[in-house]
Amino acid sequence: MNAIPQIQLHPGTSWQDELKQLVSDSNELFELLELDRSYLPAAKQAEKLFPLRLTRSYLSRIKKGDINDPLLKQVLPLAEENEAQANYVDDPLQERAFNPLPGLVHKYHNRVLLITTSSCAINCRYCFRRNFAYSENRLGQSQWQAILDYLKDHDEVDEVIFSGGEPLLLTNEQIQQRLEQLAAIPQLHRVRFHSRLPIVLPSRIDQNFCATLNSTRLQCLVVVHCNHKQEIDAYVAAAFSALSRAGITCLNQAVLLRGVNDSAKSQIELNHSLFKNKVLPYYLHVLDKVRGGAHFDIELSDARIIYEKMRARLPGYLLPKLVKDEPGQTAKTPL
Ligand SMILES: *Cc1c(COP(=O)(O)O)cnc(C)c1O
Ligand code: SF4
């Protein structure tokens, strides 16, 4: 493999060091970003439901003094979260009904999703797992063994998705070990990592990570989660470059969010920026109706209008699939 140039945010600090310095105090957020303090009391209230959390790398891409910044919107606790929201529930995808073992969600025929860790490096306010029972889904050694046994008994499963929590919070050694155990199960062919770290903590994509993904017979893909072109700075571009030089397929899933990226222009720019970095669009999700997320929601008719404009102006390969996740379906529902 070629040597991969790494750009580090703070040369000499590791991604683990950066993780120890997350911003999780709204006073500090307001101070660093010079935000209007009249929003602070509500932020403190909403934080009690779902903590504030972001990396300093992500923070560096937010415009100071702008309460409407599209990146800030995704992490800022707002008064609206504290209001009762009819039809917005804790488990909008009814994952609990498809949770045969702790840490395992088996909803679709041939692919299973693993809740690999119990936290993320960023707390996205619209996250459909913001109220997820992570404490009941911890993946210790015995749970992991149970999952391997389950997979051995389920011939139909050929793909395993490491999801979140944030799977790339596992160390390279842990990932390597899990891949080795999965590779020993003959019917498995693919492993997918659903991760937001290439966006919010790009230094995580180190050479060892790329080498680890290339050291197994299993075909590995990374599906990132990027909602706005402003999220892609030089460090994120370097992370994408590392992945593509290592030959790892990279896809993106975004969520259509009111006040963040709810225009055809924003979506078109996002997909062009991703493609410049060799990332292909995969899904554009409409919001899952999670309690606390109602202020991000968009009428389906408006989502369709945005999508029609995207379809008219994007080449087919840069048009993500507009989908909805519905409980009880055999796959995501195209809209
Ligand atoms: C989205 C999802 C998958 C993966 O579905 P793809 O359409 O293959 O990306 C698998 N399991 C669950 C529970 C999911 O929500
Ligand atoms: S990174 Fe993904 S799983 Fe984590 S809080 Fe954001 S949307 Fe949720």
Side-chain angles (χ1 to χ4, degrees), residues 19 22 24 49-55 57-58 71 73-77 81 91-101 103-132 134 137 151 154 156-169 189-201 204 219 221-228 231 249 251-257 260-261 280-288 290 292-293 296 320-334:
L19 268 181
L22 297 178
S24 55
L49 300 171
F50 186 49
L52 167 78
R53 177 179 292 185
L54 66 153
T55 60
S57 167
Y58 195 75
L71 276 55
K73 274 267 161 78
Q74 297 178 55
V75 295
L76 180 68
E81 295 177 40
D91 180 15
L93 308 186
Q94 292 173 24
E95 288 191 320
R96 272 167 185 271
F98 301 92
N99 197 189
L101 291 171
L104 179 89
V105 182
H106 190 180
K107 237 166 91 169
Y108 302 155
H109 181 71
N110 70 314
R111 44 227 197 269
V112 298
L113 194 142
L114 303 185
I115 308 294
T116 31
T117 61
S118 57
S119 64
C120 292
I122 184 169
N123 279 348
C124 311
R125 308 312 296 177
Y126 53 84
C127 178
F128 71 93
R129 293 207 183 101
R130 57 177 281 161
N131 310 307
F132 190 78
Y134 279 119
N137 278 281
L151 293 172
H154 285 78
E156 73 277 18
V157 177
D158 64 357
E159 176 162 350
V160 171
I161 303 170
F162 283 60
S163 180
E166 173 51 72
L168 299 195
L169 289 179
H189 295 302
R190 292 174 307 281
V191 171
R192 227 193 283 175
F193 292 85
H194 280 188
S195 172
R196 194 140 156 76
L197 284 201
I199 308 298
V200 303
L201 192 71
R204 173 64 187 92
Q219 228 183 327
L221 293 85
V222 174
V223 181
V224 302
H225 170 187
C226 181
N227 292 320
H228 197 281
E231 291 178 18
T249 301
L251 305 173
N252 182 56
Q253 46 184 345
V255 186
L256 191 56
L257 299 166
V260 174
N261 59 9
L280 286 170
Y282 182 39
Y283 281 142
L284 176 59
H285 296 269
V286 296
L287 190 82
D288 297 312
V290 68
F296 288 108
K321 297 181 187 74
L322 182 69
V323 291
K324 189 176 168 180
D325 211 326
E326 287 179 316
Q329 296 298 312
T330 55
K332 314 239 185 278
T333 312

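Atoms within a ligand are numbered from 1 in the order they appear, just like the ligands themselves.
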Separation between CD1 (Ile115) and CD1 (Ile161), nearest 0.5 Å, reads 10.5 Å

Strictly by modelled atom types, are Glu166 and Ser119 linked by a side-chain donor-acceptor pair under 3.5 Å?
-> no

Calculate, to the nearest 0.5 Å, the distance between atoms NZ and NE2 belonging to Lys332 and His285 respectively.
-> 6.0 Å

Atom CD of Gln329: over 12 foreign heavy atoms under 6.0 Å = yes

Give the contacting part of His109 toward ligand 1: side chain, backbone, both or neither, where contact means a heavy-atom distance below 4.0 Å.
-> neither

Of all the non-hydrogen atoms in the protein, which one sits nearest to atom 10 (C) of ligand 1, and at what distance?
-> Tyr108 CD1, 3.4 Å

Nearest non-hydrogen protein atom to atom 8 (O) of ligand 1, with distance, is Arg111 NE, 2.5 Å

Identify, by atom number and element, the atoms of ligand 1 in contact range of Ile161, meaning under 4.0 Å from any of its heavy atoms.
-> 3 (C), 4 (C), 10 (C)

Using a strict cut-off of 4.0 Å, indicate which atoms of ligand 1 neighbour a heavy atom of Tyr282.
-> 6 (P), 7 (O), 8 (O), 9 (O)

So, Arg53 side chain and Leu22 main chain: donor-acceptor pair closer than 3.5 Å or not?
-> no

At a 4.0 Å cut-off, with the gap strictly under it, does some heavy atom of Glu159 reach an atom of ligand 1?
-> no

Looking at Pro92 and Pro327, what are the two nearest heavy atoms and their distance?
-> O-CG, 3.6 Å

Is there side-chain contact between Leu169 and Leu19, with heavy atoms separated by less than 4.5 Å?
-> yes

Is a salt bridge present between Glu159 and Arg190, judged by a nitrogen-to-oxygen distance below 4.0 Å?
-> yes

Does any donor atom in the side chain of Asn227 or Tyr126 lie under 3.5 Å from an acceptor atom in the other side chain?
-> yes

Looking only at protein heavy atoms, what sits closest to atom 2 (C) of ligand 1 is Lys332 NZ, 2.6 Å

When rounded to the nearest 0.5 angstrom, what distance separates CG in Leu49 from CZ in Arg125?
-> 8.0 Å

Among protein heavy atoms, which lies nearest atom 12 (C) of ligand 1, and at what distance?
-> Leu113 CD1, 3.4 Å

Subset of ligand 1 atoms that lie under 4.0 Å from at least one heavy atom of Asp325 = 15 (O)

Nearest-contact summary for atom 7 (O) of ligand 1 - protein heavy atom, Å = Tyr283 OH, 2.6 Å

Within-shell test, Phe98 vs ligand 1, heavy atom, strictly < 4.0 Å = no

Mind checking what makes ring pair (Phe, Tyr, Trp, His ring centres under 6.0 Å) contact with Tyr58, not counting sequence neighbours?
-> none

Can you name the nearest heavy-atom pair linking Ala121 to Leu197, along with the distance?
-> CB-CD2, 3.5 Å

Taking only heavy atoms of Val105, which atoms of ligand 1 are found under 4.0 Å from at least one of them?
-> 13 (C)

Who's touching ligand 2 if we go heavy atoms under 4.0 Å?
-> Cys120, Ile122, Cys124, Cys127, Arg196, His225

